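Report on the following structure.
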Amino acid sequence: MTIRAVVRGVGHYLPDRVVSNAEFEASLDTSDDWIRSRSGIERRHLAGPGQTTADLATRAAKAALEDAGMQADEIDAIILATSTADLTFPSAATMVQANLGMTRGFAFDVQAVCAGFVFALTTANALIIAGQATRVLVIGAEIFSRLMDWTDRGTCVLFGDGAGALILERTEAAGTPADRGILSTDLNSDGRHKDILYVDGGTSTGTTGKLRMEGKEVFRHAVEKLAETAHAALEKAGLGSADVDWIVPHQANIRIIEGTAKRMQVSMDRVVVTVQDHGNTSAASIPLALSVGKARGQIKPGDLIVTEAIGGGLAWGAVVLRW
Ligand code: ACO
């Protein structure tokens with residue numbers, strides 16, 4: 001008998017305010033055409049002044065609980081992937097726990113920037129396999145708009161805010177690639193690349209800081225490393241590219257998404273793409289895409305999904321799961 005962590009529910013939340021590319025033309029030397037052609041982004045949602053990352057995460061969590069037909073007190077653990085927690089501590093995850101009225105179990109944040117959701121899913125899977133939890137709420141939530149230097153056209157047009165959530169439940173399975181649930185995971189990081197993507201604030205400066213990025217360098221690493229990690233995860237599951245129903249990639253840039261799909265020999269009609277509507281929402285982008293992909297009727301029970309992401313660190317990884 002093999003223990004699998006199976007998806008029971010999914011949900012998301014996007015702030016009401018939608019900002020089109022054209023809106024940047026008034027304050028920056030940029031254009032809708034440049035942003036679309038270089039990134040595939042057409043619009044993004046931005047959080048309102050009073051909204052917090054924990055608020056966005058709570059809305060997504062409630063949607064996932066409803067989708068699963070579960071109550072908050074049936075959840076044993078909350079893992080929240082974010083690089084934009086509202087306070088240095090406590091974790092945003094414990095704030096969500098309180099917001100949900102959950103008085104048992106445990107909650108913590110995972111910080112692996114844009115790869116955060118893949119790290120959080122892997123951690124949740126490990127907790128379930130180890131018998132530490134039966135049901136885990138895994139959330140990705142970010143307010144990257146608060147880390148933007150709004151005078152830097154090379155970064156501020158690329159990011160957006162949002163949250164997505166997934167509920168995983170322990171089930172007994174046959175131990176074959178036909179099982180539902182998480183089949184394999186692959187995590188990586190390489191701290192030598194800190195300077196190409198970072199936020200220039202924290203306890204060392206006493207400020208929150210702004211995001212700094214060498215876009216071309218990040219791009220180069222992304223296409224190469226994402227295809228590698230996706231292949232590694234598939235291999236661990238005893239599967240190959242031909243078995244994949246959907247790639248659900250981190251939504252940073254359509255050219256990275258297309259480049260990775262090409263290297264994986266998966267056609268773009270098997271890739272869930274939301275970057276045009278959300279921009280790069282960092283750790284929220286994969287659960288957002290899973291939720292939107294299901295709502296669109298793309299993702300169906302039994303489909304084989306590969307999620308892959310890379311972000312600051314660099315940190316990157318992939319998860320293979322059967323929906
Ligand atoms: N509008 C107009 N011109 C711009 C803008 C803008 N918003 N931003 C940059 N430019 C200019 C640059 O200044 C440069 O001008 P120059 O030639 O006079 O110096 C020119 O456009 C070309 O800039 P490049 O950086 O070479 O453009 P590139 O084709 O590499 O695209 C981009 C830039 C979109 C940032 C791309 O490199 C990219 O997507 N990189 C990946 C970054 C990423 O996705 N990071 C997210 C975090 S990590 C992750 O999630 C994977």
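Order of listing sets the numbers, starting from 1, for every ligand and every atom in it. Note that the coordinates shown come from a computational prediction; the quantities given were computed from them, not determined experimentally.
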Query - Approximate separation, where rounding is to 0.5 Å, of Arg180 CZ and Glu169 CD - result: 11.0 Å
Query raised in the report: Do protein heavy atoms approach atom 18 (O) of ligand 1 to less than 4.0 Å?
Result: no
Query raised in the report: Hey, is Cys114 touching ligand 1 through its side chain, its backbone, both or neither, going by heavy atoms under 4.0 Å?
Result: side chain
**Report entry** Ion pair Arg104/Asp76, N-O distance below 4.0 Å
**Finding:** yes
Query raised in the report: Please state which protein non-hydrogen atom is closest to atom 45 (N) of ligand 1 and give its distance, to 0.1 Å?
Result: Met213 SD, 3.0 Å
Report summary line: Rounded to the nearest 0.5 angstrom, the CG-OG1 distance for Leu187 and Thr123 is 7.0 Å
**Report entry** For atom 1 (N) of ligand 1, the protein heavy atom that lies nearest, with its residue and separation
**Finding:** Thr30 OG1, 2.7 Å
**Report entry** Distance in Å, Leu46 CG paired with Arg146 CZ, rounded so as to fall on 0.5 Å steps
**Finding:** 10.0 Å
Query - Distance in Å, Phe119 CZ paired with Ser189 OG, rounded so as to fall on 0.5 Å steps - result: 5.5 Å
Query raised in the report: Nearest protein heavy-atom contact for atom 7 (N) of ligand 1: which residue, which atom, what distance?
Result: Arg153 O, 2.8 Å
Query raised in the report: Atoms of ligand 1 less than 4.0 Å from Ala252 heavy atoms?
Result: 44 (O), 49 (C), 50 (O), 51 (C)
Query raised in the report: With a 4.0 Å cut-off on heavy atoms, is Phe159 touching ligand 1?
Result: yes
Query raised in the report: Looking at atom 21 (O) of ligand 1, would you say a protein heavy atom lies below 4.0 Å from it?
Result: yes
Query raised in the report: Can you tell if the side chain of Trp34 reaches within under 4.5 Å of the side chain of Phe24, non-hydrogen atoms only?
Result: no
Query - Cluster check Ile167, Leu121: I/L/V/M/F/W/Y, side chain < 4.5 angstrom - result: no
Query - Thr185 (side chain) donor-acceptor with Thr122 (main chain) under 3.5 angstrom - result: no
Requested in this report: Answer yes or no: is there an ion pair linking Arg220 with Glu217, defined by an N-O contact shorter than 4.0 Å?
Outcome: yes
Query raised in the report: atom 32 (C) of ligand 1: protein heavy atom closer than 4.0 Å?
Result: no
Query raised in the report: What do we get for Ile310 next to ligand 1 when only non-hydrogen atoms under 4.0 Å count, side chain, backbone, both or neither?
Result: both
Query raised in the report: At a non-hydrogen distance cut-off of under 4.0 Å, which region of Leu28 contacts ligand 1 (side chain, backbone, both, or neither)?
Result: neither
Query raised in the report: Among all protein non-hydrogen atoms, which one is nearest to atom 50 (O) of ligand 1, and what is the separation to 0.1 Å?
Result: His250 NE2, 2.7 Å
Query raised in the report: Nearest to atom 29 (O) of ligand 1, what protein heavy atom do you find, and at what distance?
Result: Arg38 NH1, 2.6 Å
Query raised in the report: If hydrogens are left out, which of Ala115, Gly215, Gly279, Ser31 has an atom nearest to atom 40 (N) of ligand 1, that is, the closest non-hydrogen atom?
Result: Gly215
Query raised in the report: Would you call Thr155 a ligand 1 contact, heavy-atom distance under 4.0 Å?
Result: no
Query - Heavy-atom gap Gly154 to ligand 1 smaller than 4.0 Å - result: yes
Requested in this report: Please identify which atoms of ligand 1 are closer than 4.0 Å to at least one heavy atom of Leu158.
Outcome: 35 (C)
Query - atom 10 (N) of ligand 1: the protein heavy-atom neighbour that sits closest, reported with distance to 0.1 Å - result: Trp34 CZ2, 3.4 Å
Report task. Look at atom 46 (C) of ligand 1 and say which protein heavy atom is nearest, naming residue and atom and giving the distance to 0.1 Å. Result -> Asn280 ND2, 3.2 Å
**Report entry** Among Thr281, Val275, Asn253, closest by any non-hydrogen atom to atom 39 (O) of ligand 1
**Finding:** Asn253
Query raised in the report: Side chains of Thr134 and Ile128: closer than 4.5 Å at any heavy-atom pair?
Result: no
Requested in this report: State, yes or no, whether a side-chain contact exists between Arg270 and Ile247 at a heavy-atom distance under 4.5 Å.
Outcome: no
Requested in this report: Look only at the side chain of Ser282 and the backbone of Glu142, and say whether a donor-acceptor pair between them is shorter than 3.5 Å.
Outcome: no
Report summary line: min-distance protein heavy atom vs atom 24 (P) of ligand 1 -> Lys216 NZ, 3.9 Å
Query raised in the report: Which is it for Val113 and ligand 1 at heavy atoms under 4.0 Å: side chain, backbone, both or neither?
Result: neither
Requested in this report: List the atom of Met264, the atom of Ser241, and the distance in Å for their closest heavy-atom pair.
Outcome: O-OG, 2.6 Å
Report task. Could you tell me whether atom 14 (C) of ligand 1 has a protein heavy atom closer than 4.0 Å? Result -> no
